[in-house]
Amino acid sequence: MIRLTFAVLFAALPIAAADGQNTALTYKGFVNGFHVLGMTYIYDINAPSYRISAEVKTVGLAALTARAHEIYQSTGRIDGLTLYPEYSRYEDKVQGRSRTISNGRVTAQAGGSQTQQFEIPPEAQGSADIMAALGQMLWNATQTGRCDGLRVFYDGKDLASLTLTTLGNATVQRNNRQRFGGSTLHCRGRAESLNDRVLGISQIDAWLAPHNQTGLFLPIQMTWWIKGREVNFHLQRISQS
């Protein structure tokens, strides 16, 4: 029933390959009403494996005063309803910082300093990084029509409990910022720190609707809370990467 309700949303869109591989979503990001960020989100979520990445950077005049350019990557396997990362990477290209998680170890570098390596803590075993967390939300919605779930979040620095919640059906209106609209499933991923750190991203709200050929739920609108600041992302384009 949910797919029938939402199916009209993408009926007129240019669409990627029917298997959903390497689909790229392009967003405009707004802070306090100003367009200051751009994001490209690329996914291939197709059991038994997944690949997800995102690139976020400042655009326009904002890039002259507060440069930001961050890359997120996550690949792994899908077991039933659960995404398990096998490789994840975060890179801040402006600050020269990066963290990579692979084979149970974290490799971290900050500002050209010496590389540090350490084992992930036992409590982070089976955890999800930020891209896997968002992918988990999409996969849950696609398979069950809901986003609910509990995960541990770990990105090589922050450790948190992650609660995925279905908030219900909601209508997204088209406007000058929001190119796509219609009936959506409103979901929320909320993280609470387990190591007394201020989280970089503490909450993501996503308004989801299924692609009419792949069937995978996609976020047509998102709100990220980044260190307490609200960033609103509006989908502009869907294409094959």
Side-chain angles (χ1 to χ4, degrees), residues 6 8-16 22-43 52-74 89-98 129-131 133-135 137-138 141 147 155 158 167 170-191 198-211 216-241:
F6 295 150
V8 69
L9 184 67
F10 290 114
L13 300 187
I15 52 180
N22 299 320
T23 301
L25 310 178
T26 304
Y27 297 84
K28 288 183 178 179
F30 293 80
V31 177
N32 296 328
F34 295 96
H35 176 208
V36 298
L37 291 171
M39 178 170 68
T40 300
Y41 174 78
I42 300 175
Y43 76 87
I52 306 173
S53 66
E55 182 174 13
V56 182
K57 57 184 176 180
T58 45
V59 297
L61 294 177
L64 300 177
T65 57
R67 286 184 62 214
H69 188 179
E70 299 181 345
I71 296 174
Y72 303 84
Q73 297 174 306
S74 181
R89 179 174 173 82
Y90 164 76
E91 182 176 1
D92 183 333
K93 298 185 75 69
V94 174
Q95 300 295 326
R97 298 191 301 243
S98 66
D129 54 79
I130 189 64
M131 288 295 99
L134 181 54
M137 193 182 297
L138 304 183
C147 300
D155 64 356
D158 295 325
L167 299 181
T171 300
V172 172
Q173 301 293 338
R174 292 182 175 89
N175 53 45
N176 291 336
R177 298 179 188 173
Q178 182 65 39
R179 182 180 176 189
F180 305 123
S183 298
T184 69
L185 183 68
H186 183 190
C187 295
R188 173 173 294 165
R190 181 171 179 81
V198 176
L199 298 175
I201 300 174
S202 59
Q203 183 173 304
I204 294 178
D205 273 30
W207 288 259
L208 312 177
H211 193 288
L216 181 69
F217 272 65
L218 307 178
I220 68 165
Q221 180 177 313
M222 291 188 286
T223 299
W224 293 24
W225 277 262
I226 304 174
K227 294 186 176 179
R229 177 169 291 187
E230 184 178 320
V231 182
N232 296 299
F233 289 102
H234 301 275
L235 180 63
Q236 304 296 305
R237 185 168 178 262
I238 303 173
S239 62
Q240 185 176 2
S241 63

| Relative to each other, are the rings of W207 and H186 parallel, tilted or perpendicular (30° and 60° limits)? | parallel
| Non-hydrogen atoms of L216 and Y43 that approach each other most closely | CD2-CE1, 3.0 Å
| query | Heavy atoms, side chains only, cut-off 4.5 Å: are L185 and F217 in contact? | reply | yes
| query | Any idea which heavy atoms bring C187 and L208 closest together, and the distance? | reply | SG-CD1, 4.1 Å
| task | Drop me the distance from T223's OG1 to N232's CG, to the nearest 0.5 angstrom. | result | 4.0 Å
| Contact check, side chains of S53 and M131, non-hydrogen atoms, under 4.5 Å | no
| query | Which atom pair, heavy atoms only, marks the closest approach of I71 to Q73? | reply | CG2-CG, 4.1 Å
| query | With a 4.5 Å heavy-atom cut-off, do I201 and Y72 have their side chains touching? | reply | yes
| query | Should we count CG of N32 as having more than 12 external heavy atoms under 6.0 Å? | reply | no
| field | NE2-CD distance between H234 and Q178, expressed to the nearest 0.5 angstrom | value | 6.0 Å
| message | Less than 4.5 Å apart, side chain to side chain, heavy atoms only: is that true for K227 and R229? | response | no
| message | Please give me the minimum heavy-atom distance between G38 and V59, naming the atom from each residue. | response | N-CG1, 3.8 Å
| query | Got a donor-acceptor contact below 3.5 angstrom from the R188 side chain to the C147 backbone? | reply | no
| request: Report the distance from atom CD of E70 to atom CD1 of I130, rounding to the nearest 0.5 Å. | output: 11.5 Å
| field | Approximate separation, where rounding is to 0.5 Å, of R237 CZ and T26 OG1 | value | 6.0 Å
| remark: Value for CH2 (W225) from CD (Q203), rounded to nearest 0.5 Å, stands at 4.5 Å
| Side-chain touch L138/P219, heavy atoms, less than 4.5 angstrom | yes
| Can you tell which of L25, L218, V172 makes a side-chain contact (heavy atoms from CB on, under 4.5 Å) with L235? | L25
| Is the backbone of F180 close enough, under 3.5 Å, to the side chain of Q236 for a donor and an acceptor to pair up by distance? | no
| request: Kindly indicate whether the side chain of V56, heavy atoms from C-beta on, has any atom under 4.5 Å from the side chain of L37. | output: yes
| request: Take atom CG of L61 as the centre, draw a 6.0 Å sphere, and report whether it contains more than 12 heavy atoms from other residues, nucleotides or ligands. | output: no
| query | Nearest heavy-atom pair of M222 and A206: which atoms, and what distance? | reply | CG-CB, 4.0 Å
| message | If we ignore hydrogens and angles and just use 3.5 Å, is the side chain of S74 paired with the main-chain N or O of I52 as donor and acceptor? | response | no
| query | Is there a donor-acceptor contact under 3.5 Å from the side chain of E55 to the main chain of I42? | reply | no
| query | Okay, side chain of T184, backbone of A170: is any donor-acceptor separation there less than 3.5 Å? | reply | yes
| note | Between G189 and M137 the two heavy atoms that sit nearest each other are N-CE, 3.5 Å
| said: Once rounded to the nearest 0.5 Å, what's the spacing between atom OH of Y41 and atom CE of M39? | reply: 8.5 Å
